[in-house]
Amino acid sequence: MRVCEGVQYQGIVPSSKVTDPADLFFVQVDKSKCIECGTCSEYCPTTAIRPSNGDDGPREVVHPGLCVACGQCLTHCPAGAIYETVCYVDEIFAAIDDPNKYTVAVPAPAIRYGLSECFGYPPGTCTYGKMVTALRRLGFDKVWDNEFTADLTIMEEGTELLKRVTGELERPLPQFTSCCPAWVKYCETFYPDLIPHISSCKSPIGMAGGAGKVYGAKEAGIDASRMYLVSIMPCIAKKFEGLRPEITGIDATITTRELAYMLKSKGIDLKDCHEDKADPLMGTSSGAATIFAATGGVMEAALRFAVWKLYGEKKRVIDFKAVRGLKGIKEATVRLPHTLKTPHGKIRELRVAVASGLKYAKVLCDQVRAGKSPYHFIEVMACPGGCVCGGGEPILPGVREAMERALKRWYGSLKKRLQYYESNKLLNA
Amino acid sequence: MRLIEFTRRQFIKAGMIATGGLLMGLKATNKAYAAIKSLADYMKDRLKGIYKHDREMEIRCSQDNPMIKYAYKKFFGHPMSDLSEKLLHTEYQDRSAIVKKLEQEGIFSRKAFDSLKIGYPFEG
Ligand code: SF4
Ligand code: SF4
């Protein structure tokens, strides 16, 4: 197994042409490392990870159909016992070296905030310009930015919301966001009756795949059939999404951790990279796009758009602080310029909610199912904190330290201690 | 044997505390962080970084992004145009059949799913 930033990778390379991603495990437990603490089960929103038999014993992801690949179990396991299965790193290296392929990197908003930690910066450091240079040095022919398609998402999803509200579009309220693939799979699996509530918009990276190989290729003069588009995500579930038959144009998906691994294996240090910018055509973005990385960010971005659309140029509201922060469920209301008579009744204000973590989303889903939801628009991110705390981001310093403490102070058996020492060495590699 | 049992339970407790964010050890992994920080604090640090960068950005709203305007003018026309619908919108699948099957096989319990504790260990 390959180790990227303390996390192990089995190295399965599925192709969307042959594999139904619903049959794949994206995370699994190395039972020999599991210390049966149960932390993973406490983070799991679906009961997918639990003791393989009965109430005790090492944990296991029991069935791929129950796991939404959020990776919250993996990023919180204090023993480092949970690994990722899918890894496109070798395939991407080969594509970069292949003169017939035109490689395009599309990094998510959260990458510029997470990658820094892998290179010794304190958490929260934004390294956008350095990240662009690092991707170019790695050998990508073009660097676009998933933030551009995040802006595109707001245009489409904001428009869809207002059309749902006025009744111009005959779809139910509330509208749910569709950016988070773990949430989408969760809804499809456990709340199929709520599917019509999910925005029909692809996620930003879904849009990058769709638009990149048609609009982007045409405008930039690239042969789309040669284009190899790499989705770089803070997320394990994005590997699932990239393989969905409905999503086109994404050739490979890697996490922040795997990108850090690729850079380090080529001797590229983020600290040595100069500031640069992504290719403007599909690389220019706004603040509304960058906050997609945070819980509440998609909502705030959509509200910046909706207020402008409803009130025109004169009234500008940028900050919607009520939807920021780590609280599980956040709410806000936005007064409309005039009362709307709609098929949903009279609407005087837009009422929105944000779920930070699927366990909180469940509360909102149960409300909608019972016909008691007071909201018009709901953002759901599977990971508490949003994408920047996603399953593909660097393990938070607190957890990495727990892993180290586990090795140093509490493990009794010498054999086990040796095994942990080994993985600790790998952690620091 | 008893000793191992004991140490393991101790460790488990420590692991829970650490990942629950109540107490961090003294030796921080990241050298810039000598202070004792909870998991939630680290998460907040990441969020703060995002809003700081947002404030520093020249353009704050999607509709003001010049390359977005260009894309609609040159190609898509307007949001939810036919081209948008074709390339930027999608459909979803009902995946509940597998849940029903696993429920019959005793691998999934809707009751256990519905009684999952709301909230996460990092919240303390
Ligand atoms: S969090 Fe890790 S060590 Fe704890 S039970 Fe889950 S897999 Fe095992
Ligand atoms: S990835 Fe998410 S859904 Fe799957 S087992 Fe882990 S916590 Fe549960």
Side-chain angles (χ1 to χ4, degrees), chain A residues 35 37 39 42-43 47 62-63 65-66 76 78 113 122-126 151-152 154-156 159 188-189 192 195 198 200-202 207 210-211 214-215 246 280 284 286-288 290-291 293-294 304-305 308 318 326 357 359 384-385 388-389 396-402 405-406 410 412-413, chain B residues 3-4 7 10-12 14-16 18-19 21 24-25 28-30 32-33 39-40 42-50 53-54 57 59-68 71 75 79-80 84 87-96 98-99 102 107-108 112-113 116 118-121:
Chain A
I35 50 151
C37 67
T39 309
E42 288 190 59
Y43 276 94
T47 71
V62 293
H63 194 282
L66 298 178
H76 289 95
Y113 301 101
T125 310
C126 177
D151 276 331
L152 199 57
I154 288 302
M155 303 302 289
E156 296 289 330
T159 304
E188 291 176 323
T189 307
I195 288 175
I198 308 179
S200 66
C201 291
K202 288 179 185 170
M207 291 198 182
V214 183
Y215 165 71
E246 302 90 348
T284 306
S286 75
T290 212
I291 59 175
R304 287 179 191 179
F305 169 84
W308 166 77
I318 303 286
L326 285 180
K359 289 191 171 198
V388 81
C389 302
L396 282 164
V399 180
R400 275 190 82 148
E401 193 196 327
R405 287 207 308 175
W410 277 281
S413 123
Chain B
L3 186 69
I4 292 170
T7 52
Q10 283 258 302
F11 166 62
I12 289 169
M16 299 277 270
T19 51
M24 286 301 113
T29 316
N30 190 323
Y33 279 72
L39 212 53
Y42 287 121
M43 294 164 79
K44 281 183 202 149
D45 285 346
R46 287 184 177 176
L47 295 180
K48 268 188 222 138
I50 297 169
H53 187 54
D54 169 35
M57 298 231 356
I59 313 160
R60 300 291 299 282
C61 299
S62 306
Q63 66 272 14
D64 298 332
N65 180 339
M67 295 318 286
I68 289 288
F75 189 77
M80 300 190 79
S84 293
L87 295 173
L88 309 178
H89 290 253
T90 187
E91 283 168 357
Y92 304 103
Q93 302 178 25
D94 183 336
R95 298 180 193 276
S96 59
I98 187 71
V99 173
L102 293 173
I107 294 168
F108 177 74
F113 176 86
L116 276 173
I118 311 293
Y120 298 90

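Computed from a predicted model, the values in this text were never measured in an experiment. Lettering of chains follows the sequences in order, A, B, ..., and the numbering in each one begins at 1.
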**Request:** May I ask you to decide if A/Ser286's main-chain N or O and A/Asp151's side chain share a donor-acceptor pair within less than 3.5 Å?
**Result:** yes
**Item:** Heavy-atom closest contact (A/Glu156 atom, B/Ser84 atom, distance)
**Value:** OE2-OG, 2.9 Å
**Prompt:** Side chain, backbone, both or neither: which part of A/Ile318 has an atom under 4.5 Å from a heavy atom of chain B?
**Reply:** side chain
**Winner by heavy-atom pair count (cut-off under 4.5 Å) against chain A, out of B/Val99, B/Ile59, B/Leu47, B/Ile50** = B/Ile50
**Message:** With a 4.5 Å cut-off on side-chain heavy atoms, are A/Thr189 and A/Leu66 touching?
**Reply:** no
**Request:** Measure B/Leu87 against the heavy atoms of chain A and call it side chain, backbone, both or neither at under 4.5 Å.
**Result:** both
**Asked** Heavy-atom distance under 4.5 Å to chain A: side chain of B/Asp94, backbone, both or neither?
**Response** both
**Prompt:** Taking the side chain from A/Glu42 and the backbone from B/Tyr120, do they hold a donor-acceptor pair closer than 3.5 Å?
**Reply:** no
**Item:** Residue A/Cys126 versus chain B: region with a heavy atom under 4.5 Å
**Value:** side chain
**Request:** Output the option from B/Asn65, B/Leu116, B/Ile118, B/Ile98 having the highest count of non-hydrogen pairs under 4.5 Å with chain A.
**Result:** B/Asn65
**Item:** Residue A/Tyr113 versus chain B: region with a heavy atom under 4.5 Å
**Value:** side chain
**Complete:** In short, A/Thr159 meets B/Pro79 closest at the heavy-atom pair OG1-CB, 3.3 Å
**Side chain, backbone, both or neither of B/Leu88 within contact of chain A (heavy atoms, under 4.5 Å)** = both
**Complete:** Note: vs chain A, highest number of non-hydrogen pairs under 4.5 angstrom among B/Gln63, B/Glu91, B/Met57, B/Met67 is B/Gln63
**Request:** Could you pull out all residues at least two apart from B/Phe108 that satisfy ring pair (Phe, Tyr, Trp, His ring centres under 6.0 Å)?
**Result:** A/Phe190, B/Phe113
**Contact class of B/Leu102 relative to chain A, heavy atoms under 4.5 angstrom** = side chain
**Message:** Counting C-beta onward and ignoring hydrogens, is there a side-chain heavy-atom pair between A/Pro78 and A/Thr39 closer than 4.5 Å?
**Reply:** yes
**Message:** In the structure I gave you, are the side-chain heavy atoms of B/Tyr92 and A/Ile198 within less than 4.5 Å of one another anywhere?
**Reply:** yes
**Complete:** So, the part of A/Thr47 with a heavy atom under 4.5 Å from chain B: the answer is both
